[in-house]
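Hydrogens, waters and symmetry mates play no part in the numbers below; they use all other heavy atoms, side chains included. Atoms within each ligand, like the ligands themselves, are counted from 1 in listed order. The first residue in the sequence is number 1, and the count goes up from there.
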Amino acid sequence: MAQQEDVFKKIVSHCKEYGFVFPSSDIYDGLGAVYDYGQNGVELKNNIKQYWWQSMVLLHENIVGIDAAIFMHPTTWKASGHVDAFNDPLIDNRDSKKRYRADVLIEEQMAKYEDKIQKEIEKAQKKYGDNFDEPQFRSTNPRVLENQRKYDDLHRRFQEVMNAEGGIDLEGLKQIILDEEIVCPISGTRNWTDVRQFNLMFKTEMGSTADGASTIYLRPETAQGIFVNYLNVQKTGRMKLPFGIAQIGKAFRNEIVARQFIFRMREFEQMEMQFFIQPGTELDWFAKWKETRMKWHQNLGFGAENYRFHDHDKLAHYANAATDIEFHMPFGFKEVEGIHSRTNFDLSQHAKYSGKKIEYFDPETNESYTPYVIETSIGVDRMFLSIMCHSYEEQLLPDGQTRTVLHLPAALAPVKLAVFPLTKKDGMPEKAQEIINDLRFHFNCKYEEKDQIGKRYRRMDAIGCPYCVTVDQQTLEDNTVTLRDRDTMEQHRVAISDLRSIIEDKVSITSLLKKLL
Ligand code: GAP
């Protein structure tokens, strides 16, 4: 675990050192849980968004996109339930004056029991090697059984208080924290306040005078921008059910436990798609979207074992199925995407609060009804983080040196091709520029002439550039260059005129999309 934490710290500093992610307003020492994307980060992020957008809007004839404003009429958030119920249960430690999410403290306690079990299993695995029978060990080892019992008891109690009649049982949450003897990580004491609910929406005022101003919110999810535009899009696009509306945009949440770098941010970006369907068909569509979205993730080639579904035991009152796609981050399996069967809750609420009829006339059944919705909702930043975590490697080379390399999927890499003149003379820089001038219309290229070639390769490995080309003396004679592959580090000579056909397909988003069909 400590080793994984170390790796994670290295990834965070790598992101800063190589222009992927900077703390926001860095010269003022940053702003909690807000980050800026640098010159390489923005390219990677744009590629992720393109991969998602095109997989939704290009590959599905019945999905269209929109771009709704961040500010929305305040009644939107009353209707959606966010004003009344978008809360986190918080608890303060009186000694450290630090504030925590009570539910997270308990989840961390459960993770501790899971860790203990895992450690026992790893120890036994080492000891017994190939003869190790994990199911048998789990069902007989006294330490594993004891920790499993503690985990199960805690899990059951936690579910009960989180799903209590009339909302979360705040006293029950505190009691669990006391009974489990959870201490504040800063002060080490158990001097806790009561648990209180805290709304996560950021508020601001719109209007020039104090009297005329109204309170509006920074949207905590992009989904509502889709729901309030359902009628506009359905009518103007003459859309027939089933159809989807996709959107990418910023969302804001005043997260209290904002940690783990860009995993939990106060300003972040979502890629959401609401799929409108006939009532009664939702569980089939839910299963279909689960499969489609998992395929989209696994298509990146990070290994199926690094993903899992986490079906929700606890469903929001309007949902009749929900699951998360979790990815194996250095700090455990964590949610990257949520898939929810939201019934007709949102559209019905907006119909009620706006007084507008929000329905679909089904020409096949001659009936009008409020469509049901399957939502797929993924955080761009979490996707970015999962890609970074999986791609980062400190590789020990045969000559005893190490190189830091990002094995980014070529289609997502910020720079696709780096072109180096071997030396700064004899017309090599001009030749290198010529190559770039020709290829820059097709993919992102970078020119580098500083330092020895070896150092230039390392810099490109560190930003995940899949291909490097070196212009040398021979190039000037026969118009060939050496082409180096980031992952294998192998080099071979190719004609300049073949570069585009060798590289273009491998680095294009289209290559990823084709594998989805
Ligand atoms: N419209 C549904 C919705 O917003 P959610 O599970 O709250 O559902 C969806 O959020 C996705 O948005 C999450 O799976 C996660 O990837 C991302 N996300 C949510 N809160 C985030 C935060 N504070 N920082 C970064 N990403 C976040």
Mark yes or no: K45 above the aromatic ring of Y37, with NZ or CZ under 6.0 Å from the six-membered ring centre and no more than 45 degrees from the axis.
->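 So K45 does make the cation-pi contact.
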So is K290 actually on top of F309's ring, under 6.0 Å and inside 45° of the axis?
->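 Positive - K290 is close enough to the ring of F309 and near enough to its axis.
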Mind checking what makes side-chain hydrogen bond (donor to acceptor under 3.5 Å, both in side chains) contact with Y51, not counting sequence neighbours?
->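 Y51 satisfies side-chain hydrogen bond (donor to acceptor under 3.5 Å, both in side chains) with N299 only.
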What is the distance from atom CG of L406 to atom OH of Y18, rounded to the nearest 0.5 Å?
->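 Output value for this atom pair is 9.5 Å.
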Which residues share a ring-ring contact (aromatic ring centres under 6.0 Å, His included) with F333, sequence neighbours left out =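 ring-ring contact (aromatic ring centres under 6.0 Å, His included) check on F333 returns H328.
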Pair listing, ring-ring contact (aromatic ring centres under 6.0 Å, His included) test, anchored in residues 157-204, at least two apart =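 Pairs touching residues 157-204 that pass the test: Y100-W192.
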Any protein N or O within less than 3.5 Å of an N or O in ligand 1? List each pair with its distance, or say none.
{"residue": "ligand 1", "atom": "1 (N)", "partner": "E221", "partner atom": "OE1", "Å": "2.6"}
{"residue": "ligand 1", "atom": "1 (N)", "partner": "E272", "partner atom": "OE2", "Å": "2.5"}
{"residue": "ligand 1", "atom": "1 (N)", "partner": "E375", "partner atom": "OE1", "Å": "3.4"}
{"residue": "ligand 1", "atom": "1 (N)", "partner": "E375", "partner atom": "OE2", "Å": "2.9"}
{"residue": "ligand 1", "atom": "4 (O)", "partner": "R253", "partner atom": "NH2", "Å": "3.0"}
{"residue": "ligand 1", "atom": "4 (O)", "partner": "Q270", "partner atom": "NE2", "Å": "3.0"}
{"residue": "ligand 1", "atom": "6 (O)", "partner": "E335", "partner atom": "OE2", "Å": "3.3"}
{"residue": "ligand 1", "atom": "7 (O)", "partner": "R253", "partner atom": "NH1", "Å": "2.8"}
{"residue": "ligand 1", "atom": "7 (O)", "partner": "R253", "partner atom": "NH2", "Å": "3.0"}
{"residue": "ligand 1", "atom": "10 (O)", "partner": "Q270", "partner atom": "NE2", "Å": "3.4"}
{"residue": "ligand 1", "atom": "12 (O)", "partner": "Q270", "partner atom": "NE2", "Å": "3.3"}
{"residue": "ligand 1", "atom": "14 (O)", "partner": "E335", "partner atom": "OE2", "Å": "2.6"}
{"residue": "ligand 1", "atom": "14 (O)", "partner": "V336", "partner atom": "O", "Å": "3.3"}
{"residue": "ligand 1", "atom": "16 (O)", "partner": "V336", "partner atom": "O", "Å": "2.7"}
{"residue": "ligand 1", "atom": "16 (O)", "partner": "G379", "partner atom": "N", "Å": "3.0"}
{"residue": "ligand 1", "atom": "20 (N)", "partner": "R253", "partner atom": "NH1", "Å": "3.3"}
{"residue": "ligand 1", "atom": "23 (N)", "partner": "E255", "partner atom": "OE2", "Å": "2.9"}
{"residue": "ligand 1", "atom": "23 (N)", "partner": "M265", "partner atom": "N", "Å": "3.3"}
{"residue": "ligand 1", "atom": "23 (N)", "partner": "M265", "partner atom": "O", "Å": "2.8"}
{"residue": "ligand 1", "atom": "24 (N)", "partner": "F263", "partner atom": "O", "Å": "3.4"}
{"residue": "ligand 1", "atom": "24 (N)", "partner": "M265", "partner atom": "N", "Å": "2.8"}

